[in-house]
Every structure is written in C-alpha cells, then in structure tokens.
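So the structure is just underneath, and the comments pick up after that.
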Amino acid sequence: MNILFIMYDQLRFDYLGCAGHPHLETPNFDRVAEMGVRFTNAYVQSPICGASRMCYYTGRYASSHGAQWNGFPLRVGEMTLGDHLRREGMDCWLIGKTHMRADAAGMERLGLSPDSVIGARQAECGFDTWERDDGLWAEGPDGFYDTQRSPYNAYLKSRGYESENPWADHANAGIEDDQLASGWMFQNADKPANIREEDSETPWLTSQAIRFLEQAKGPWCAHLSYIKPHWPYIVPAPYHNMFGADHVPAATRHAVEREDPHPVYGAYMENRIAQAFQREDVRQKVIPAYMGLIKQCDDQLGRLLDHLEASGQMQDTMIVLTSDHGDYLGDHWLGEKDLFHEPSVKVPLIIYDPGTATDGTRGSTCDALVESIDLAATFVEAAGGEVPMHIIEGRSLTPFLQGRTPEKWREVAISEYDYSGTQQCVKLGLEPRDARLFMVFDGRYKLMHAEGGFRPMLFDLQADPQEFHDLGRSVDHSETLARLYEHLARWGRRMSQRVTRSDAEIVAGRGASLRRGILPFLVDGTEVPEEWTAKYRGPVGQDFTKE
C-alpha cells in the first residue's frame, strides 16, 4: 500500500460539505469521505502551524519533541515518519510545506552536512524532498521572512511574471486603480488575485504532486502539504466571487465571553488579528475569499483523484485529508488560531484505506477522540510494521477503519501551546517558561490550564456546544476540574523520553547480565542456577597467594 498524506493549512473542520457546511460544496472531499471514514472528533496537539506539524511528523506531543512554536528547530535525532517508514521499506517524500526549521547547531555539532543524504533528511524533517515550498515569501525592511529559495517564485518567473517576488505581487495581490492591492490587507480580500488561475499556488502544487505520481515506484508515502486556505486571504478568478455576504455565517460569539475573561483569553481578544475579525466588514470580505480558497482546493483534489483512478493507483493508495489547525474567522471574538475552542483545535480528518478489510466502514463517520499523532502510528501499520510505542505516542486508527473498537481507547484528547514568542506573553508579564497552555477534553468537558498562576477555563460542550460560558470558577464543577486535572497530571507523568529502549527490549533484557557473569550479592552461589557460576568454579591454575 502507498500513502498519499494530504494536509491543508488552516482548514476548519466544519468548512466542508460532508461536515455540514450550509453553502460550501466540496464534492471531492465528500468523495473521499464516501470511500472511507470521516473522523468527527480529531484534535491537533498544538494549534499553531510549526508545532502541530512536528507532532504529525513525529507522532509525539509537542512537549516531547520540543519544537513548540514556529521557527523552533526540531532537534537532531528526533525520529520522524521518514525514519519509521523507511525501516519498513517505504520511501517518504515531501511535496509542499513543512514549516520545519532545521537544528543547524545540532547538525554542526555532529558534523552533519546538509548536502549529505542523512543531513538533508535531518534538515527536511525526515522527508526526501520532491519540492519544498513553505509558501510565505513575504518581504520587509529586514529582508525575506523565508530565506530559502522559492521554487514557486521560480516557476512564476518562468511563466512570464516579471517581478522580483511574484508570490507577493501576483499570487497574493489584486489590482486597484492600476496599483498593487496586497492580500495582506483584508480590504483587498474580495479582489481576484492578479494571476492566471492555473498558475496559482494550489494548482501548481497539485501539478507537482501529479508529476511525482507519474514516476513513483512503490511503496511510498507522499506528504502533499498545501499552503492554502491559509492567509493571505485572496484567491484568483473565478473563485474570488463564488461566495458573498449572504454566505457568511453570523459569528459564533457572545457578549458574556468579554465579561471578566480569563487573562490569557482576554489578551488574545485584544490582539491585532482579533480586533480585525471583530469587525463585520472584515468578515464579510475575508470569509468569502476563505471559502473560495477551499473551493479551489476541492477542485484540485478532484484532479488528483481523477489521476489516481486513471492510472490505476487508487486501488493501492491510502488517502488522508487533514489540516494542521483551524481558523477562528471572528468566532469567540478571535482570528487565526492559538487557543482551544473547536474552530481552532479541531480539524477535519478523512481516511480512505483501499484494503478489503475496510469495506464495511466506507462512507461512515467515527466520533472517537482522535489525535493528530495517531496518523504516524497508522502509517507504520499500513507499511506493515509494528508501532514503536516507546517513540510514537499516538495510536493506530486501523481498528476504526476496519470497524473494530480498540481496547482501552483514550479517555481524553490533549493539546498544548507555547506562546512564549508572542506579545500576549509580554502583555501578561510572563517569563517564557510560564507562557504555556494545555487542553484536556473528554468529549464533553474541555479544560484549559494556563501556567503562570492563572485560574483554569472549563466548558461543558454538551450543555454549551458553542463554548460561551466559562465554568472555570464554578464551585459546582470542582469535581470535574479535579478529574480533568488528574488526567493532565497522568499525561504529564507519561514516559516520553525513553526512546532508545522499548518495553519489549527491557523485558527481554531482564537478567541478561546474570547469564553473562555479573553475579553480585551471592552468599554461596546456590541462589542461582549452577550453570551461571560454572566459570567461577573448578581447580586453580596458578596460585599466587603463597610466597
């Protein structure tokens, strides 16, 4: 079996037709859902691009791998999908974005050249690179945000876009009165991007994926990682005006949320992105563009699916559709992601497994609590391997795909967020080590714990599915808080760093030193089998005790 692991950036779980969106039709996402299983309670382990992706790629929680925010390097030696899958004879390729920052200092310390095979894989999050493009080719007074070469910009220049940075000047900008109308400004979100649609980012990356598929020899895992529908919120024609104000839902927010909010939540409600999305004129422009970007993603997914079917690859390729986090879009008085409300931390997850063992679940949904780290374990099993549970902290979803209920499935989903690099940390007067948040969700109650001496937040999603009413100070919910805190404490005590020795190896190694002659604490030797002491008994060859 091959694996096509497709990730969309900042795609909300509820902005798909198969998830019940009232206006956005996504026939190709729905097509995969009809072939496989759609997981309705999938949560990322950190609601920020870089940290979330490192969780997907390692199968480990953010506090285990340590790359907890954008630009935090993934340390040299951290095991990734590529390491696990190559051990099972499966190649692992990247097509698109990882948001991974290489541990350059660690590589230098160990003498790893990025030009070597092992060095390149360390620098690319364990992947062999078909085409990497992280998709944010922004430029300011201090230069480019991303200093690597942009293959997408090179492509645009080859297509006749005469600009030093056509990503910014064409793919993510429109025109107003013969002037550049940058997608960085929300007021331009309703304009068509100044680019031929077939040259825009999503079709370009789809073409790269098809080029890979045309030459691929299995077994392989290909991580196709799109930058969209992540901001800048601007899309080329005809997608720019497919949706309008009548397709924009009312923001899911309530005045009670702003009445003496939790300090961390309050700080986020006051940041620039939140204040922008609190304006209805912003939502009226941005959300139709966001929907247009998703519609384009769906159309391009159709290109991929058609190619897989025409080439006969559909019958032996697992397809996974997911996202690294969601997008508030003004819900809860917020924009972007970062916190643990459903629009931010919950993601779409659809898996098509072509094996006959999954025939009974096709077109079904699964409401089990699923974590993004479960995909690494699922992929290792799909490659025919045994999941190294001392390294990968997720659990395989194969039983659910086959209609079976796993034994002792998780009781809670965990997510965490290190916001030490943000202005919210500064505003709250925190030391970087205290700017950390944790979510514990049991399917009904959601706890948010904040380090730094803050009170908790608590929501009852059964009574309050829109997460308006914070019960963190409610004396009536003290037992629920205590129970969820016990889950957090148990999770915090997990064995997460003993990655060089599995439980099975430990069990097999018990007593091994005894059979190799390490026999301390014996009184006369009769305490152990006679063969263990055989080397220490018998006649003396030489006697040096006598002078």
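Computed from a predicted structure; not experimentally measured.
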Point-to-point distance, once rounded to the nearest 0.5 Å, from [atom1] of [X] to [atom2] of [Y]:
X      : Y      : atom1 : atom2 : answer
Leu305 : Ile319 : CG    : CD1   : 5.5 Å
Leu112 : Arg121 : CG    : CZ    : 13.0 Å
Thr252 : Leu334 : OG1   : CG    : 12.0 Å
Tyr328 : Ser344 : OH    : OG    : 4.5 Å
Ser64  : Gln45  : OG    : CD    : 10.5 Å
His223 : Cys92  : NE2   : SG    : 9.0 Å

[X] to [Y] - nearest heavy-atom pair and separation:
X      : Y      : answer
Ser46  : Ser52  : O-CB, 3.0 Å
Pro348 : Leu11  : CD-O, 3.4 Å
Ala377 : Gly394 : CB-O, 3.8 Å
Lys97  : Tyr57  : O-OH, 3.6 Å
Thr500 : Glu505 : O-OE1, 4.1 Å

Between the side chains of [Y] and [X], is the shortest nitrogen-to-carboxylate-oxygen separation below 4.0 Å, so that they form an ion pair?
X      : Y      : result
Asp353 : Arg362 : no
Arg101 : Asp134 : no
Arg31  : Glu309 : yes
Lys346 : Asp14  : no
Arg436 : Asp434 : no
Arg410 : Glu371 : yes
Arg483 : Glu479 : no
Arg75  : Glu78  : yes
Arg444 : Asp460 : yes
Arg498 : Asp503 : yes
Arg303 : Asp298 : no

*Side-chain contact, heavy-atom cut-off 4.5 Å: Asp470 with Arg455?*
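Touching, per the 4.5 Å side-chain cut-off.
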*Intermediate values then yes/no, ring-ring contact (aromatic ring centres under 6.0 Å, His included), Tyr15 and Tyr290*: CA-CA 10 Å; Tyr15 269 60; Tyr290 181 74; 5.4 Å; yes
Are the side chain of [X] and the backbone of [Y] linked by a donor-acceptor contact shorter than 3.5 Å?
X      : Y      : result
Asp103 : Val76  : yes
Ser502 : His390 : no
Asp324 : Gln10  : yes

Measure the acute angle between the ring planes of [X] and [Y], then classify it against the limits of 30° and 60° as parallel, tilted or perpendicular.
X      : Y      : answer
Phe454 : His262 : tilted
His254 : Phe468 : tilted
His341 : Tyr265 : tilted
Phe39  : Phe400 : perpendicular

*asked:* Using the rule side-chain contact (heavy atoms from CB on, under 4.5 Å), only one of Leu304, Thr322, Val320 pairs with Ile6; which is it?
replied: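 The option that passes is Leu304.
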*Which is it for Phe5 and Phe379 under the ring-ring contact (aromatic ring centres under 6.0 Å, His included) test, yes or no, and what are the steps along the way?*
CA-CA 9 Å; Phe5 171 27; Phe379 294 169; 5.2 Å; yes
_Taking salt bridge (charged side-chain N to carboxylate O under 4.0 Å, His left out) as the criterion, tell me which of Lys446, Arg12, Lys337 meets it with Glu342._
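Answer to the salt bridge (charged side-chain N to carboxylate O under 4.0 Å, His left out) test with Glu342 among Lys446, Arg12, Lys337: Lys446.
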*asked:* Show, in sequence, the C-alpha distance, side-chain angles and deciding distance for Thr422 and Trp69, and conclude whether the side-chain contact (heavy atoms from CB on, under 4.5 Å) test is met.
replied: CA-CA 10 Å; Thr422 72; Trp69 211 71; 3.7 Å; yes
*Would the Tyr61 and Trp491 ring centres measure less than 6.0 Å apart?*
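That pair passes the under 6.0 Å test.
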_Aromatic ring proximity, centroids under 6.0 angstrom, Tyr268 and Trp333_ =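 Judged by ring-centre distance (under 6.0 Å), Trp333 and Tyr268 do not meet the cut-off.
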*asked:* With side-chain contact (heavy atoms from CB on, under 4.5 Å) as the criterion, how do Leu308 and Leu213 come out once you've worked through the C-alpha distance, each side chain's angles and the decisive distance to 0.1 Å?
replied: CA-CA 8 Å; Leu308 288 169; Leu213 293 171; 4.0 Å; yes
